[in-house]
Amino acid sequence: MLSEPRSGRLAAWGNALLAGLAAPDDAVLEIVGGDATHRVEDLPGETAPVGLTLALGRLRVLGVRGMLVALPAPGHPLGLSGPPEFNARAMDAGEAVICHGAAIGLVPEVYEAGPDGDVHVEVVWRVLPVREAPPADVPSLGEAERELAEALRDATALLSRLDVAGSGPAAEAAIDAYRARAEPRREVLAPGYPPRAVRVLELARRVGLLVSLASGNGHGGAVSSAEMGARAEALRPVERVARRAQVAAYNSVVEERERGVR
C-alpha cells in the first residue's frame with residue numbers, strides 16, 4: 001500500500017508517454033524503477049517477448065488511448081471488468097493494467113532470485129483480452145478524497161478507543177517521517193496528472209500507512225478476541241477505501257481526457 005504498485009507506474013508513465021509528455025526512454029526508466037528487467041509477453045503482433053519500449057509503441061499502434069489500473073483483492077474486484085481469466089490472473093497478482101481503447105490488459109508476473117539484500121527482480125507483463133465495460137467500484141476523485149478524509153478520521157478515533165498500537169502520537173510521527181522522506185523526490189504519478197490526483201494518492205498512502213502501523217505493531221491493548229475482531233473490522237473498510245482512492249488517482253487522467261473528447 002505504501003509503495004507505488006508496478007501497475008501504477010506502468011499506467012502513469014504509459015499515460016504520460018501516450019500524451020506526448022514523456023520521452024520513451026524516460027518513461028521506461030520510471031516504470032522499471034528498482035527492478036532489473038521488464039518484458040511483455042503475448043503482445044498482439046509479436047511472436048516473442050519484447051521490451052517495454054517496443055511494447056509501448058506497439059500498444060499505441062493497436063489503438064490504446066490510455067492505461068487504467070486495477071487493484072483487486074479477495075471479495076473486491078476493484079477496477080476489473082472481465083472476462084474471468086483476466087480477473088483471476090489479476091486477482092492472484094493483486095494488480096493489473098487495462099488498456100483503454102484496445103480491449104487488452106496486462107498482468108505482472110514477478111520473479112525474484114538472489115540472497116536478501118541483493119535480490120534480482122524480473123517482471124513479465126502478460127497480455128490478455130479484457131471486456132470493454134465500466135471497471136468495478138472505481139470512484140471519482142472527489143468521492144475518493146471525501147471517503148479518505150472520513151476513513152482517516154473514523155479509523156483513528158476507533159483504533160484509539162480500542163487502545164491499538166499505531167493510532168496515537170507514535171503513528172503520527174511515523175507518518176510525518178514517511179512524508180518527509182517522500183517529499184524531496186515527489187515520486188507521485190507522472191506528467192499530465194491533475195494536482196487533485198496527486199493529493200488523493202498522497203492521502204491514500206497516508207491512510208495505508210495507518211493501516212500498516214495498526215496491523216503490524218502487535219496487539220496493543222486489544223487483549224481479547226472481541227477487541228482483536230473489532231480492530232480487524234475497523235481496518236478492513238479503511239484499507240478498501242485507500243485502494244479505491246489509489247485507483248481513482250491513477251485513472252483520473254484517462255477519465256478527464258475522455259470527457260474532453262466527448
Side-chain angles (χ1 to χ4, degrees), residues 2-71 79 90 93-114 118-128 130 181-195 197-198 201-202 205 246-247 249-258 260-261:
L2 299 183
S3 61
E4 192 172 26
R6 291 180 174 89
S7 58
R9 295 203 305 266
L10 176 58
W13 287 94
N15 286 327
L17 178 61
L18 290 168
L21 299 174
D25 289 346
D26 293 337
V28 169
L29 185 64
E30 294 288 347
I31 293 167
V32 173
D35 299 331
T37 61
H38 281 222
R39 65 182 189 276
V40 181
E41 293 193 3
D42 302 326
L43 186 66
E46 300 293 338
T47 58
V50 300
L52 274 178
T53 302
L54 177 58
L56 291 169
R58 174 69 68 185
L59 290 173
R60 186 194 296 271
V61 171
L62 290 171
V64 174
R65 300 194 301 271
M67 295 185 176
L68 303 170
V69 171
L71 295 177
E95 59 179 311
V97 170
I98 296 168
C99 295
H100 182 61
I104 58 176
L106 300 93
V107 179
E109 299 173 358
V110 181
Y111 302 92
E112 298 182 351
D118 189 25
V119 177
H120 181 93
V121 179
E122 296 185 359
V123 179
V124 174
W125 292 94
R126 187 77 55 188
V127 178
L128 296 158
V130 299
R181 289 195 302 271
E183 187 70 20
R185 294 184 65 186
R186 298 287 294 173
E187 292 181 343
V188 179
L189 295 175
Y193 276 85
V198 175
L201 187 56
E202 288 178 328
R205 290 178 178 177
Q246 277 188 300
V247 173
Y250 287 123
N251 295 359
S252 61
V253 70
V254 176
E255 294 172 356
E256 285 197 354
R257 193 181 304 156
E258 290 303 305
V261 169

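- Across all non-hydrogen atoms, the minimal contact from Gly14 to Met67 is CA-SD, 4.0 Å.
- Here the shortest heavy-atom pairing between Ala96 and Pro108 reads CA-CD, 4.4 Å.
- We find the NE2-CD1 distance between His100 and Ile98 to be 11.0 Å, quoted to the nearest 0.5 Å.
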- Message: For Asn15 and Tyr193: C-alpha separation, side-chain torsions, deciding distance, then whether side-chain contact (heavy atoms from CB on, under 4.5 Å) applies.
- Response: CA-CA 9 Å; Asn15 286 327; Tyr193 276 85; 3.1 Å; yes
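- Panel note: side chain Arg9, backbone Ala27; no donor-acceptor pair is recorded below 3.5 Å.
- In this structure, the separation between CG on Leu54 and CG on Leu52 is 10.0 Å, given to the nearest 0.5 Å.
- Residues that satisfy the side chain to side chain donor-acceptor pair (under 3.5 Å) test with Arg39, not counting sequence neighbours, are Glu41.
- Partners of Ala103 according to the side chain to side chain contact (heavy atoms under 4.5 Å, CB included) rule, which considers only residues two or more places apart in sequence or in another chain, are Glu132.
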- Apply side-chain contact (heavy atoms from CB on, under 4.5 Å) to Arg58 and Glu46, showing your working. CA-CA 9 Å; Arg58 174 69 68 185; Glu46 300 293 338; 2.7 Å; yes
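- Residues passing the side chain to side chain contact (heavy atoms under 4.5 Å, CB included) test with Val110 are Arg6, Glu112, Val121, Val123, sequence neighbours excluded.
- The minimum heavy-atom distance between Val119 and Gly114, with the atom names listed, is CG2-O, 4.2 Å.
- With rounding to the nearest 0.5 Å, the separation of CG in Leu59 from CD1 in Ile104 is 5.0 Å.
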- Query: Leu43 and Val50: side-chain contact (heavy atoms from CB on, under 4.5 Å), yes or no, with the steps?
  - Reply: CA-CA 8 Å; Leu43 186 66; Val50 300; 4.0 Å; yes
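- With hydrogens and angles ignored, the 3.5 Å screen pairs no side-chain donor or acceptor of Tyr250 with any backbone N or O of Ala11.
- Looking at every heavy atom in both residues, Leu71 comes nearest to Ser7 through CD2-OG, 3.8 Å.
- Considering all non-hydrogen atoms of both residues, Cys99 and Val64 come closest at CB-CG2, 3.7 Å.
- Note that CG of Leu18 is 11.0 Å distant from CZ of Arg65, once rounded to the nearest 0.5 Å.
- In this structure, the side chain to side chain donor-acceptor pair (under 3.5 Å) partners of Trp125, at least two apart in sequence or on a different chain, are His38.
- Going from atom CG of Leu56 over to atom CD1 of Ile31 covers 5.0 Å, rounded to the nearest 0.5 Å.
- By the side chain to side chain contact (heavy atoms under 4.5 Å, CB included) test, Glu109 is found to be paired with Arg89, Tyr111, Val124, Arg126, residues two or more places apart in sequence or in another chain being considered.
- To the nearest 0.5 Å, atom NE2 of residue His120 and atom CG of residue Asp35 are 9.5 Å apart.
- A search for side chain to side chain contact (heavy atoms under 4.5 Å, CB included) contacts involving Pro44 returns Leu62, Val127, not counting sequence neighbours.
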- Step-by-step side-chain contact (heavy atoms from CB on, under 4.5 Å) determination, Leu201 to Leu189: CA-CA 8 Å; Leu201 187 56; Leu189 295 175; 3.8 Å; yes
